[in-house]
Each structure stands twice: as structure tokens, then as C-alpha cells.
Trainee: 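This is the structure I want to talk about, given as C-alpha cells.
Position 1 is the first residue of the sequence; numbering continues from there. These values consider heavy atoms only, across backbone and side chains, with no hydrogens, waters or symmetry-generated copies.
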Amino acid sequence: MNGAHDMGGVHGFGPVVPEVDEPYFHAGWERNVLGLVLALGVGGKWNIDMSRHARENRPPGEYLSLSYYEIWLAGLERLLEERGLPTRVLTAEEVPGVLARGGPANREPTRDARFAVGDAVRTLNLNPHGHTRLPRYARDKVGVVERVHGFHVFPDVNATGAGEDPQWLYLVRFTGTELWGPDGDPTSSVSIDAFEPYLEPA
């Protein structure tokens, strides 16, 4: 294409003045941009020609106002946007706000909780092939519900991409001897967050 990048022999820009001992990068962020371009390019979502075209295919006023690595970053943002991927990196000032928002997993209940505070429950003896939040040491054990946390996205299903399948979540307390047997510290206890599908009445 005939773009602002194709400047060989074009009048009005003066001579090319090479920089003596020019460094690869004039600022640290330029190194980071190159790293991002190379790292994301490995994913195979575009090839080198698409990458070049994304840098070159922009209005002359925009192209000529950007430095070399600013153009590289602009090209990368375009490639990401075209493929529905995140297009920019958070600034240092934005990070605390994003972290404060977190990733809420609580949902509006669509049914009543099966258990209440004080109920004795037994965890199921599960050995799933996929993701679970029920620790192995707390399976097939009897505990007491200490708190009802609310209705939350169920990780075991959400991890498969099959939807959120929200479930009631409880804080369940187990004695040390229940978890570790007669050799466990009789004064110790462990409380875990357990989803309703992990539990049955004890």
C-alpha cells in the first residue's frame, strides 16, 4: 500500500541523519513493547505481514506523529482489538482500583439454603477428575456449619466453561481429631468454605 511508512525518496522530510552509536532502545518502555509484540505473536493469531500492515495502515497524520515503538504498540493494539482480545495494559495508577473491584462471585439466590448455622454436615467422599474447592483432607468428614456465606458461582462447574451454576456456600468447622484421627491435636480445629453439593446431613 502507499502509506506514510513508505518514505523513500519523498520530498520535504530532509536528509536522513543517522544517530552515532544508536542504542537498540531509547527508553525502557520500548524494550517492553518489543517483548509484548514478540510474546503475543507466538500465539499464532497473526503473521508478520499482518503485523506490519497493522502498523502501516493508518492515516499519515497519526503515523508521522508516533515514534518507532509507539507505532509498534499501536499496531499491536489493533491486532488485539480485531481479534477481540484485551487491547491495552493498565497504568500503575489504575491497578489499585481494578484490584479493589476484585472478581465478585456472589449471585442472587434462586432457592433456599439446605443448611443453617449449627447444622451437622458430612462432606462427600469425592475424587473428581476436574477442579474442586473441597480439600482432600476434608472429605468424608463431619463438621458443623458456622456461617452461611451466600449464593456463589460454583467453581467445579465454572472451571469447565459450562456456566456458573451458583450454589450455597458455607463455612464448616471440623475438629482436629475428626480430620487427622486420634493423633490429631484435640484442641485444634479447621474451618473451610464448602459448597452445598459437597455436603449432606450428618
Side-chain angles (χ1 to χ4, degrees), residues 1-108 128-136 149-167 169 192-193 195:
M1 60 176 288
N2 294 328
H5 65 286
D6 191 4
M7 301 177 67
V10 175
H11 295 164
F13 290 93
V16 175
V17 182
E19 184 177 350
V20 178
D21 297 327
E22 182 179 10
Y24 291 119
F25 307 101
H26 290 82
W29 67 266
E30 296 180 337
R31 186 193 306 273
N32 295 339
V33 167
L34 178 61
L36 282 172
V37 170
L38 296 178
L40 293 171
V42 171
K45 298 293 185 182
W46 54 80
N47 56 44
I48 188 171
D49 300 304
M50 294 174 183
S51 180
R52 285 173 173 154
H53 187 61
R55 293 194 290 271
E56 297 165 353
N57 183 21
R58 55 191 65 246
E62 177 186 345
Y63 186 92
L64 296 174
S65 69
L66 301 175
S67 69
Y68 182 75
Y69 279 109
E70 285 175 341
I71 293 173
W72 275 57
L73 181 59
L76 179 61
E77 289 173 342
R78 174 174 292 175
L79 291 166
L80 293 169
E81 184 178 10
E82 289 174 347
R83 289 153 183 81
L85 299 171
T87 56
R88 72 181 183 90
V89 178
L90 297 177
T91 66
E93 292 74 23
E94 291 173 314
V95 170
V98 172
L99 291 178
R101 286 197 299 273
N106 55 310
R107 299 293 183 264
E108 281 297 317
H129 291 290
H131 177 70
T132 185
R133 300 295 296 166
L134 180 61
R136 187 162 50 187
H149 284 307
F151 205 58
H152 291 259
V153 173
F154 187 35
D156 300 42
V157 174
N158 199 39
T160 68
E164 295 186 340
D165 190 22
Q167 302 287 338
L169 179 64
I192 68 168
D193 290 337
F195 284 89

Trainee: Quick one: CZ on Phe195 to OG1 on Thr132, what's the gap to the nearest 0.5 Å?
Mentor: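 It comes to 9.0 Å.
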Trainee: Using modelled atom types only, decide if a donor and an acceptor are shared between the side chain of Arg78 and the backbone of Asn57 within a distance under 3.5 Å.
Mentor: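 Judged by distance alone, yes, a pair lies under 3.5 Å.
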Trainee: Is there side-chain contact between Leu40 and Leu76, with heavy atoms separated by less than 4.5 Å?
Mentor: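 With C-beta onward as the side chain, the pair touches.
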Trainee: Got a sec: does the CD of Glu19 have more than 12 other heavy atoms crowding it under 6.0 Å?
Mentor: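 Yes, enclosed.
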Trainee: Distance check, rounded to the nearest 0.5 Å: Leu73 atom CG versus Leu34 atom CG?
Mentor: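 Separation between the atoms: 11.5 Å.
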Trainee: Would you find a donor on one side and an acceptor on the other, under 3.5 Å apart, between the side chain of Glu30 and the backbone of His26?
Mentor: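 Side chain of Glu30 to backbone of His26, a donor-acceptor pair under 3.5 Å: yes, one is there.
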Trainee: Out of curiosity, His129 NE2 to Thr160 OG1, how far, rounded to the nearest 0.5 Å?
Mentor: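 So the gap between those two atoms works out to 14.5 Å.
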Trainee: Which atom names give the shortest non-hydrogen contact between Arg55 and Gly75, and what distance separates them?
Mentor: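 Taking every non-hydrogen atom into account, CG-CA, 4.0 Å.
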Trainee: With no hydrogens and no angle check, is any side-chain donor or acceptor of Glu94 less than 3.5 Å from a backbone partner on Thr91?
Mentor: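 Side chain of Glu94 to backbone of Thr91, a donor-acceptor pair under 3.5 Å: yes, one is there.
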Trainee: Would you say the side chains of Ser65 and Glu62 form a donor-acceptor pair under 3.5 Å?
Mentor: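 Checked: Ser65/Glu62 side chains show no N/O donor-acceptor pair below 3.5 Å.
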Trainee: Measuring from Asp193:CG to Leu169:CG, what's the distance to the nearest 0.5 Å?
Mentor: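 Output value for this atom pair is 5.0 Å.
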Trainee: Using a 6.0 Å cut-off, check whether atom CD1 of Ile48 has over 12 heavy atoms from anything other than its own residue.
Mentor: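 Check fails, neighbour count at 12 or below.
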Trainee: Given the rule in the side chain to side chain contact (heavy atoms under 4.5 Å, CB included) test, do Leu36 and Trp72 qualify, once you have shown the distances and angles that lead to the verdict?
Mentor: CA-CA 10 Å; Leu36 282 172; Trp72 275 57; over 6 Å; no
Trainee: Going by the angle between their ring planes, with limits at 30° and 60°, are Tyr69 and Phe25 parallel, tilted or perpendicular?
Mentor: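 Correct class here is tilted.
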Trainee: Side chain of Arg83, backbone of Lys45: donor and acceptor closer than 3.5 Å?
Mentor: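 Yes, the answer is positive, given that a donor and an acceptor are paired below the 3.5 Å cut-off.
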Trainee: Nearest 0.5 Å please: distance from the NE2 atom of His5 over to the OH atom of Tyr63.
Mentor: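 Reported to 0.5 Å precision, the distance equals 6.5 Å.
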Trainee: Counting N and O atoms only, with roles assigned by atom type, does the side chain of Arg58 sit under 3.5 Å from a partner on the main chain of Ala54, one being a donor and the other an acceptor?
Mentor: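 Present.
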Trainee: Please determine whether the number of non-hydrogen atoms from other residues, nucleotides or ligands lying under 6.0 Å from atom CZ of Arg107 exceeds 12.
Mentor: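 Yes, enclosed.
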Trainee: Nearest 0.5 Å, please: how far is CD in Glu56 from CG in Asp49?
Mentor: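 Those atoms lie 9.5 Å apart.
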Trainee: Between Trp29 and Ser67, what is the shortest heavy-atom contact and its length?
Mentor: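 Trp29 and Ser67 have their closest heavy atoms at CH2-OG, 4.0 Å.
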Trainee: Quick check: closest heavy atoms across Ala159 and His131, and the distance to 0.1 Å?
Mentor: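 Smallest interatomic distance, heavy atoms only, reads CB-CB, 3.7 Å.
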